[in-house]
Amino acid sequence: MAVEPASQVSTDDIHVPPVAVLGGGSFGTALASIASSGGARVRQWMRDATLVDHVNTHRINHRYLPEFRIHPDVVASSDLAWVLDQAQLVLIAIPSGGFRQVVRQAAPHFSDDAILVSTTKGIETDSFLLMSQILEQETGSAHIGVLSGPNLAAEIAQGHLSASVIASDDEQTRSRVQAALSCDHFRVYASNDRYGVEMGGALKNIYAIAVGMAAALGMGENTRSMLMTRALAEMSRFAVAQGASPMTFLGLAGVGDLIVTCSSNLSRNYRVGYAMGEGRTLEGAIDALGQVAEGVNTVSLIVKRASEENIYMPLATGLYRVMFEGVAPRDMATALMRSEQSSDVEFTLPREDTRRAQQQTAARDIPS
Ligand SMILES: NC(=O)C1=CN([C@@H]2O[C@H](COP(=O)(O)OP(=O)(O)OC[C@H]3O[C@@H](n4cnc5c(N)ncnc54)[C@H](OP(=O)(O)O)[C@@H]3O)[C@@H](O)[C@H]2O)C=CC1
Ligand SMILES: O=C(CO)COP(=O)(O)O
């Protein structure tokens, strides 16, 4: 059970709506302190009672964010009903594998009209649903949003200036989250493309694995740039085919998040790729990480869906074959470099136009 610090007991004079954070990992921990710094009553749920005691006693989440001093007013608890009591904003930072189960447990305790926000960058395996769609299914709430952007938890914890996107069709959700999470070092932008923002967050993890692998193999900066730019083309091609706005991929939740996860050793997805590039097996890389890298599951789901819907995703497909079918990364790189010529920005020169031009050239070149 939670231990309430003295500063938490009297919150009657605080008019900022109470916040609940579900998840005791690195991102949930960073977000709880941000919300608390804005003056909200913040309660953070984590399932492990030992970690709860440690957080409340030492103000450190030694398991997930050991260098970070948690805001004095955040109270951790493993009592879900108590954490959610009167909460007007609920931030859910649970990996996609456990997301639905936690939402099901929590749903009976959500306050009427509470704003429910997923911060999770993954896809549910069996249903291919994004986390906000699970929230919709499980609660029927009209106040659902997604928070996504270039937000390495460890950097937020260090106070580095960072920005994110709250995406929702619901204006109240957007403005309440902007108010609750904005502070001197964290800035929240708004979007109404919930699907695009959420899909961007899930997809970029795939390419962080690919770039991590290429880095371990000694790639140059030209290579990194090529991979990231073509990754952006693939991500937007896939998401737009599913209904997202292409413009979203120009923003923080698209190219912004892609840049940070493909550039930093703090990204767990990048680290899985790097470990595989050094010669570890996938299982070895995951074990060495000891945390969730959502991209490992996402790449399988996306490659399957892209194949079913005939969406051209050579990088994701190549990565899948390296990760799960034992193809050597260098052989895959060569195959990709030698594959069919394509257009640069497909929204200006569609791939079909390039292909047609190639066919015409080939026909013209055939000697009669
Ligand atoms: N870390 C980051 O930099 C960022 C992460 N995200 C996203 O946030 C999501 C959460 O990530 P993050 O906080 O980093 O995760 P971590 O891996 O740091 O921690 C995961 C947390 O979720 C808990 N958890 C896992 N499964 C369950 C379950 N079935 N029931 C209850 N609790 C569970 C874990 O509890 P236990 O310790 O008991 O296993 C732990 O508290 C991910 O989808 C990630 O993509 C988004 C932006 C940045
Ligand atoms: O999403 C993230 C940063 O925006 C965190 O990425 P990882 O899950 O790869 O650590």
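All of these numbers come straight from a predicted model, not from anything done at the bench. Just so you know, ligand 1 is whichever comes first in the structure, and atom 1 is the first atom listed for that ligand.
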Protein residues having a heavy atom less than 4.0 Å from any atom of ligand 1: Gly24, Gly25, Ser26, Phe27, Gly28, Trp45, Arg47, Arg63, Tyr64, Ala93, Ile94, Pro95, Gly98, Gln101, Val102, Thr119, Thr120, Lys121, Asn151, Leu152, Ala153, Arg268, Gln291, Val292, Glu294

Result of checking Leu282, Leu289, Asn205 against Val296 for side chain to side chain contact (heavy atoms under 4.5 Å, CB included):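 Of all the options given, the one that passes is Leu282.
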
Taking every non-hydrogen atom, the tightest pair across [X] and [Y]:
X      : Y      : result
Ser339 : Leu336 : OG-O, 2.8 Å
Ser236 : Phe249 : CB-CG, 3.8 Å
Arg194 : Ser132 : NE-OG, 2.9 Å

Residues, nucleotides or ligands: over 12 heavy atoms within 6.0 Å of Glu67 CD: no

Set of residues satisfying salt bridge (Lys or Arg N to Asp or Glu O under 4.0 Å) with respect to Glu171, sequence neighbours excluded: none

Residues which pass side chain to side chain contact (heavy atoms under 4.5 Å, CB included) with Ala142, listed by chain and number, not counting sequence neighbours: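 Result, side chain to side chain contact (heavy atoms under 4.5 Å, CB included) vs Ala142: none returned.
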
Within 45° cone and under 6.0 Å: Arg321 NZ/CZ vs Phe324 ring: no

Working for side-chain contact (heavy atoms from CB on, under 4.5 Å), residues His160 and His185: CA-CA 6 Å; His160 288 299; His185 64 95; over 6 Å; no

Write 'none' if nothing qualifies; otherwise put on separate lines each N/O atom of ligand 2 with a protein N/O atom under 3.5 Å away and their distance to 0.1 Å.
| residue | atom | partner | partner atom | Å |
| --- | --- | --- | --- | --- |
| ligand 2 | 1 (O) | Lys121 | NZ | 2.8 |
| ligand 2 | 1 (O) | Lys204 | NZ | 2.7 |
| ligand 2 | 4 (O) | Lys121 | NZ | 2.9 |
| ligand 2 | 4 (O) | Gly149 | O | 3.0 |
| ligand 2 | 4 (O) | Asn151 | N | 2.9 |
| ligand 2 | 4 (O) | Asp257 | OD1 | 2.7 |
| ligand 2 | 6 (O) | Lys204 | NZ | 3.4 |
| ligand 2 | 8 (O) | Arg268 | NE | 3.4 |
| ligand 2 | 8 (O) | Arg268 | NH2 | 2.9 |
| ligand 2 | 8 (O) | Asn269 | ND2 | 3.3 |
| ligand 2 | 9 (O) | Ser267 | OG | 2.7 |
| ligand 2 | 9 (O) | Arg268 | N | 3.1 |
| ligand 2 | 9 (O) | Asn269 | N | 3.0 |
| ligand 2 | 9 (O) | Asn269 | ND2 | 2.7 |
| ligand 2 | 10 (O) | Arg268 | N | 2.8 |
| ligand 2 | 10 (O) | Arg268 | NE | 2.9 |

